[in-house]
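First up is the structure itself, then whatever we jot down about it.
Proteins get letters first, then strands, A, B, ... in listed order; numbering begins at 1 in each. Computed from a predicted model, the values in this text were never measured in an experiment.
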Amino acid sequence: DAGVTQSPTHLIKTRGQQVTLRCSPISGHKSVSWYQQVLGQGPQFIFQYYEKEERGRGNFPDRFSARQFPNYSSELNVNALLLGDSALYLCASAWTGGTGELFFGEGSRLTVL
Amino acid sequence: EDQVTQSPEALRLQEGESSSLNCSYTVSGLRGLFWYRQDPGKGPEFLFTLYSAGEEKEKERLKATLTKKESFLHITAPKPEDSATYLCAVQGGGSNYKLTFGKGTLLTVNP
């Protein structure tokens with residue numbers, strides 16, 4: 001079975017641009033979460049979606065937004081990119097929106113110049 | 001706010017030299033404590049979930065234990081392929097939709 005898939009794997013943007021990252025969860029999983037991982041740090045929670053509804057949002061500015069589609073795939077959008085947005089963006093899926101293991105994709109490496 | 005502190009930040013072992021990684025946490029109503037392994041440039045790989053103090057889980061050379069304040073990941077007779085960053089995370093009762101991660105322990109096992 002396919003795991004969590006993310007695209008693109010790597011991308012380079014300049015300050016002020018906008019980026020869209022995509023995620024397909026494991027088949028049957030209805031919950032998708034997004035995390036940001038800066039080099040040398042642990043992942044930091046950005047959003048969780050369950051059954052297409054936002055269930056939680058971390059301490060990130062409004063430049064960050066996300067949505068979940070009827071097929072449970074998800075997109076993360078970041079507007080007006082800053083140098084500090086350079087990070088590995090991880091998508092994770094789970095069976096439910098509550099307690100349980102998260103299964104992560106390989107991530108999208110974003111570099112902002 | 002949930003907090004996770006991992007120690008040491010880095011650990012270098014010789015092949016076969018057993019050791020333990022520590023994860024201290026503060027959380028309001030623990031719903032679960034999770035251990036992940038992360039290889040460079042990759043996403044975290046799920047290892048274990050622990051739910052209550054006294055619980056233990058094992059997988060090959062790894063054993064995770066849990067108390068009310070901390071968790072340990074014991075590595076017995078490690079091999080070079082065990083080299084990775086090990087991440088600890090908690091899911092609190094007040095935020096059942098997210099994991100709070102520590103910074104991780106970078107483990108290097110030399111042959």
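With a threshold of 4.5 angstrom between heavy atoms, A:Tyr35 approaches chain B through side-chain atoms but not through N, CA, C or O. With a threshold of 4.5 angstrom between heavy atoms, B:Gln38 approaches chain A through side-chain atoms but not through N, CA, C or O. A:Leu102 touches chain B through backbone and side chain together, each having a heavy atom under 4.5 Å away. Only the side chain of A:Gln37 comes within less than 4.5 Å of a heavy atom of chain B; its backbone N, CA, C and O stay farther away. For B:Tyr36, the part sitting under 4.5 Å from any heavy atom of chain A is the side chain, from C-beta outward, and nothing else.
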Audit row: A:Gln18, A:Thr20, side-chain hydrogen bond (donor to acceptor under 3.5 Å, both in side chains) steps and yes/no: CA-CA 7 Å; A:Gln18 175 265 344; A:Thr20 298; 2.8 Å; yes
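For the pair A:Asp62 and A:Arg57, the salt-bridge criterion is met [side-chain N within less than 4.0 Å of a carboxylate O].
In this structure, the side chain of B:Lys57 engages the main chain of B:Thr49 through a donor-acceptor pair within 3.5 Å. Put simply, the side chain of A:Ser108 gets close to the backbone of A:Pro8: a donor and an acceptor are under 3.5 Å apart.
Nearest heavy atoms, B:Trp35 versus B:Gln6: CZ3-NE2, 3.8 Å.
The choice from A:Gly42, A:Gly107, A:Pro43 that makes the most heavy-atom pairs within less than 4.5 Å of chain B is A:Pro43.
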